[in-house]
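Here is the structure we will look at, set down as C-alpha cells.
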Amino acid sequence: MTESWATFGADLHLQLDLTAGRGLRAGLTEALREAARGGRLAAGTRLPSSRSLAADLGIARNTVAEAYAELVAEGWLTARQGSGTRVAERARPRRPAAAVPVRRPARKGPAYSLIPGSPDLGGFPRTAWLSAARRALTDAPNEAFGYAVDPRGRIELRQALAGYLARARGVYADPERIVLCAGFLHGLTLLAGVLRARRVREVAVEGYGLDFHRDLLVRAGLRTRPLGVDAEGARTGELTATTGAVLLTPAHQFPTGVALTPARRAAAVDWARTTGGLILEDDYDGEFRYDRQPVGALQGLDPDRVVYVGTASKSLAPGLRMGWMVLPPGLSEEVTDAGGPAGWACGALDQLTLAEFITSGAYDRHVRGMRLRYRRRRDELVAAVGDRVGVSGIAAGLHAVLDLPGGTERSVLQSAAWQDLALHGLGRFRHPEAVALPARDAVVVGYGTPSDSAWSPTLAALAAALP
C-alpha cells in the first residue's frame with residue numbers, strides 16, 4: 001500500500017517559499033524549521049517518510065531527504081532506526097528566578113457550598129456507566145450514528161423509561177407518549193411554546209420556587225400567578241378558571257420540602273378536568289425518599305391532564321443534560337413541533353447508554369446506594385444543628401430547610417459569607433407577587449452538593465454561621 005501522511009505520520013500544511021533565490025530544498029527546510037520553532041509541529045511529532053512527503057508535495061525524494069538531514073544536523077529533528085524522523089525535544093529557556101511570578105490557583109467562589117439543586121457529583125457511577133456505554137455501543141444499530149429521525153428520542157430509552165417510571169414512580173407511561181429532552185428547562189421551554197400556541201396566558205406556580213423557571217415562562221409570554229404554600233403544599237384550591245396551566249412539585253415541594261396532600265392533589269386534578277387546564281409535574285427528586293414509602297407521581301391520578309417531567313440531574317448528574325416528558329394523549333405532536341427538527345434532544349449514544357443502565361438494573365442499584373449516602377448526610381446535618389434551629393422538609397430529597405428566629409435570615413447569610421460558605425435564604429425563592437405568604441426566616445441547605453471530602457468542613461462552617 002502506498003504510504004502517505006494520511007495513513008502515517010503528521011498532516012503537514014507547509015507554506016513553501018519559492019521566491020527568487022530560494023530553491024525547493026531551502027524553502028522546505030525553512031518551512032519545517034518555522035513549524036517546529038513556532039510549535040505547529042510539537043516535540044515528538046513523527047514526520048512522514050521522505051518518500052511519502054515527496055509524493056505529497058510533488059518534489060524529488062532527495063530534496064526532502066536533504067532537508068531532513070540539514071534539520072537533524074541543526075538539532076531541530078532526530079532520526080533513529082525504526083523510529084523514523086521526529087521533531088526533537090528542546091529545553092525551554094529559563095527565566096531568572098526573580099522574573100518568575102508565583103502562581104496560585106485561582107479559587108472560584110466560596111470554599112464551601114450548600115446551594116441546593118445539585119447532587120454529589122463525586123457519586124456519579126463512572127465504572128457502571130462506562131460498562132453500560134460499552135454494551136450500548138456494541139449493540140447500537142448503525143442508524144443510531146446517523147441523523148435523528150424520531151424527534152421523541154430513541155425508542156430503546158423510551159421503552160426503558162416507561163417500565164421504570166411505572167414501577168418506581170407510579171406513572172402511566174406509554175413509550176409513544178414519552179418525549180426526551182435535554183433537561184427540565186428544555187422540557188419547560190417546549191411546554192411553554194405549546195401553551196402559547198394554545199393561547200394560554202397565565203400559568204400558576206408555587207409561591208416558593210425557582211426564579212429561573214418563572215423567568216422562562218415570562219420570557220415565553222406567559223404570566224405567572226403564585227399559589228400559597230403551607231404545611232400541606234401548594235394551595236391548589238386557589239386555582240381559577242382563567243388559569244390555563246399550573247406548575248407543581250407535588251412529591252417534594254421546592255424549596256419547603258412538604259408533600260402535596262391527597263386532598264390538594266384531588267383539587268388540582270378536579271380543576272384540570274373542569275377547566276381543561278394542564279398540570280405540569282416537576283418530579284425533580286422523586287427517587288430519594290427516606291422515612292417512608294415514596295410519594296407516587298401526581299400523574300397517576302389523571303394521565304390525560306398531567307404532564308410528567310423527570311430528569312437524571314439529581315439521580316445521576318446534571319451534566320448529562322437528559323430529561324423526559326410523559327405527555328397526555330395528543331400532546332406529543334404539539335411538543336415535538338415546538339422543538340423543531342429531529343435531533344434537538346440529547347445524543348443518541350447517551351440515550352442508548354441510559355437505556356442499558358436502566359434495563360441492566362444498574363440504575364436501581366445506584367439510586368439505592370445514593371439514597372443511603374444522602375440519608376446519612378441528612379442525619380448528620382440534623383445532629384449538628386437540630387438543637388439550635390428547626391429543621392424541616394427532610395423526609396425526601398437533597399435539601400433541608402432550617403427555620404431561624406424572626407428577622408435573622410439576612411444576618412445568617414452574612415455570617416455564612418464570613419465563613420466562606422455559599423448559602424441561600426428562603427426569601428430568595430419567594431415569588432415577588434406572593435403577598436399572602438406568611439413571613440418566614442429560613443435558609444435552604446443543599447446537603448447533596450458538597451463532595452465527601454468537603455462535607456465535614458462545610459457542616460462545621462454552617463454550624464458556625466447559625467445563631
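By convention here, the first residue in the shown sequence is residue 1.
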Problem - Leu157 side chain near Leu352 side chain, heavy-atom distance below 4.5 Å - result: no
Completion exercise
Tightest non-hydrogen contact, residues Arg158 and Gly153, listed as NE-O, 3.1 Å
Problem - Chi angles and distances behind the side chain to side chain donor-acceptor pair (under 3.5 Å) call for Thr256, Gln253 - result: CA-CA 6 Å; Thr256 65; Gln253 201 280 325; 2.6 Å; yes
Exercise for the section: Applying side-chain contact (heavy atoms from CB on, under 4.5 Å), run through Phe145 and Leu137 and close with a yes or a no. Expected result: CA-CA 10 Å; Phe145 300 96; Leu137 188 61; 3.8 Å; yes
Practice task
State plainly whether the residues Glu281 and Arg305 are in salt-bridge range, i.e. N to O under 4.0 Å.
Solution key: no
Completion exercise
Tyr112 and Ala461 have their tightest heavy-atom pair at CD1-CB, 3.9 Å
Problem - Asp364/Arg371 salt bridge by N-O under 4.0 Å criterion - result: no
Exercise for the section: Classify the side-chain pair Glu156/Gln351 by whether it contains a donor and acceptor separated by less than 3.5 Å. Expected result: no
Exercise for the section: Classify the side-chain pair Glu287/Tyr363 by whether it contains a donor and acceptor separated by less than 3.5 Å. Expected result: yes
Problem - Considering all heavy atoms, the nearest Ala162-Ala173 contact - result: CB-O, 3.4 Å
Problem - Backbone of Val309 reached by a side-chain donor or acceptor of Trp324 within 3.5 Å - result: no
Practice task
Mind checking the OG1-CD spacing from Thr243 to Glu202? Nearest 0.5 Å is all I need.
Solution key: 4.0 Å
Problem - Derivation of the side-chain contact (heavy atoms from CB on, under 4.5 Å) call for Leu280 and Val246 - result: CA-CA 6 Å; Leu280 313 182; Val246 58; over 6 Å; no
Handout entry: Residues Asp283 and Tyr308: side-chain donor-acceptor under 3.5 angstrom
Key = yes
Problem - Rounded distance [0.5 Å steps], OH in Tyr447 versus CG in Leu381 - result: 8.0 Å
Practice task
Examine distances only and state if a side-chain atom of Thr359 and a backbone atom of Ala355 form a donor-acceptor pair shorter than 3.5 Å.
Solution key: yes
Handout entry: side-chain contact (heavy atoms from CB on, under 4.5 Å) between Val443 and Leu426, worked out
Key = CA-CA 5 Å; Val443 291; Leu426 182 63; over 6 Å; no
Practice task
Report the distance from atom CG of Leu190 to atom CG of Leu185, rounding to the nearest 0.5 Å.
Solution key: 11.0 Å
Exercise for the section: Ignoring hydrogens and angles, state whether a donor on the side chain of Glu356 or Thr353 is under 3.5 Å from an acceptor on the partner side chain. Expected result: no
Handout entry: Atom OH of Tyr147 with >12 non-hydrogen neighbours under 6.0 angstrom
Key = no
Problem - Side-chain donor-acceptor pair present, Arg152, Ser332, cut-off under 3.5 Å - result: no
Practice task
Could you give me the CA-CA distance, side-chain angles and deciding distance for Asp211 and Arg430, then say whether salt bridge (Lys or Arg N to Asp or Glu O under 4.0 Å) is met?
Solution key: CA-CA 8 Å; Asp211 55 354; Arg430 184 186 179 113; over 6 Å; no
Problem - Glu380 atom CD, over 12 foreign heavy atoms within 6.0 Å - result: yes
Handout entry: Arg198/Glu334 salt bridge by N-O under 4.0 Å criterion
Key = yes
Practice task
Please examine the side chains of Val203 and Leu195, heavy atoms only from C-beta on, and report whether any two atoms are closer than 4.5 Å.
Solution key: yes
Problem - Close side-chain approach of Val295 and Arg289, heavy atoms under 4.5 Å - result: yes
Problem - Centroid-centroid under 6.0 Å between Phe184 and Tyr284 rings - result: no
Practice task
Decide yes or no for Thr311 and Met322: does some side-chain heavy atom of the first lie under 4.5 Å from some side-chain heavy atom of the second?
Solution key: no
Handout entry: His399-Phe254 aromatic ring centre distance below 6.0 Å
Key = yes
Exercise for the section: Taking all heavy atoms of Glu238 and all of Leu227, pick out the closest pair and write down the distance. Expected result: OE1-CA, 3.5 Å
Practice task
Determine whether Ile155 and Pro175 make a side-chain contact, defined as any pair of heavy atoms from C-beta on separated by less than 4.5 Å.
Solution key: yes
Problem - Chi angles and distances behind the side-chain contact (heavy atoms from CB on, under 4.5 Å) call for Glu433, Arg223 - result: CA-CA 11 Å; Glu433 299 176 21; Arg223 179 178 178 271; 3.6 Å; yes
Practice task
Mark yes or no for whether Thr449, through its side chain, and Ile115, through its backbone, hold a donor-acceptor pair below 3.5 Å.
Solution key: yes
Practice task
Considering only NZ, NE, NH1 and NH2 on the basic side and carboxylate oxygens on the acidic side, decide whether Asp304 and Arg273 come within less than 4.0 Å.
Solution key: no
Problem - Salt bridge flag under 4.0 Å for residues Glu409 and Arg440 - result: no
Practice task
Say whether Ser315 and His366, considering side chains only, have a donor N or O and an acceptor N or O under 3.5 Å apart.
Solution key: no
Problem - More than 12 heavy atoms of other groups within 6.0 Å of Tyr172 OH - result: no
Exercise for the section: Would you indicate whether the side-chain heavy atoms of Asp120 and Ser451 approach each other to under 4.5 Å? Expected result: yes
Problem - With Asp452 via side chain to side chain donor-acceptor pair (under 3.5 Å) - residues at least two apart - result: Arg373, Arg377
Handout entry: Val194 side chain reached by Leu331 side chain, heavy atoms, under 4.5 Å
Key = yes
Handout entry: Short side-chain donor-acceptor distance under 3.5 Å, Thr249 and Glu206
Key = yes
Exercise for the section: To the nearest 0.5 Å, tell me how far Thr274 OG1 sits from Leu239 CG. Expected result: 11.0 Å
Exercise for the section: Could you pull out all residues at least two apart from Arg196 that satisfy side-chain contact (heavy atoms from CB on, under 4.5 Å)? Expected result: Arg201, Leu222
Practice task
Verify the ring-centre separation between Tyr208 and Phe429: is it less than 6.0 angstrom?
Solution key: no
Handout entry: From CG (Leu41) to CZ (Arg86), nearest 0.5 Å
Key = 12.5 Å
Problem - Arg177 side chain vs Leu327 backbone, donor-acceptor pair below 3.5 Å - result: yes
Exercise for the section: Decide if atom CZ of Arg428 counts as having more than 12 heavy atoms of other residues, nucleotides or ligands within a radius under 6.0 Å. Expected result: no
Problem - Least distance between heavy atoms, Ala251 atom then Ala259 atom - result: O-CB, 3.7 Å
Exercise for the section: Would you indicate whether Arg167, at its atom CZ, is surrounded by more than 12 heavy atoms from other residues, nucleotides or ligands within a distance under 6.0 Å? Expected result: yes
Practice task
Compare every heavy atom of Ala234 with every heavy atom of Leu248, then report the nearest pair and how far apart it is.
Solution key: CD2-CB, 3.9 Å
Completion exercise
One should read off an interatomic distance between Ile394 CD1 and Arg378 CZ, to the nearest 0.5 angstrom, of 5.0 Å
Exercise for the section: Find out whether Leu301 and Val306 are in side-chain contact, i.e. whether some heavy atom of one side chain is under 4.5 Å from a heavy atom of the other. Expected result: no
Handout entry: Backbone of Gly237 reached by a side-chain donor or acceptor of Arg264 within 3.5 Å
Key = no
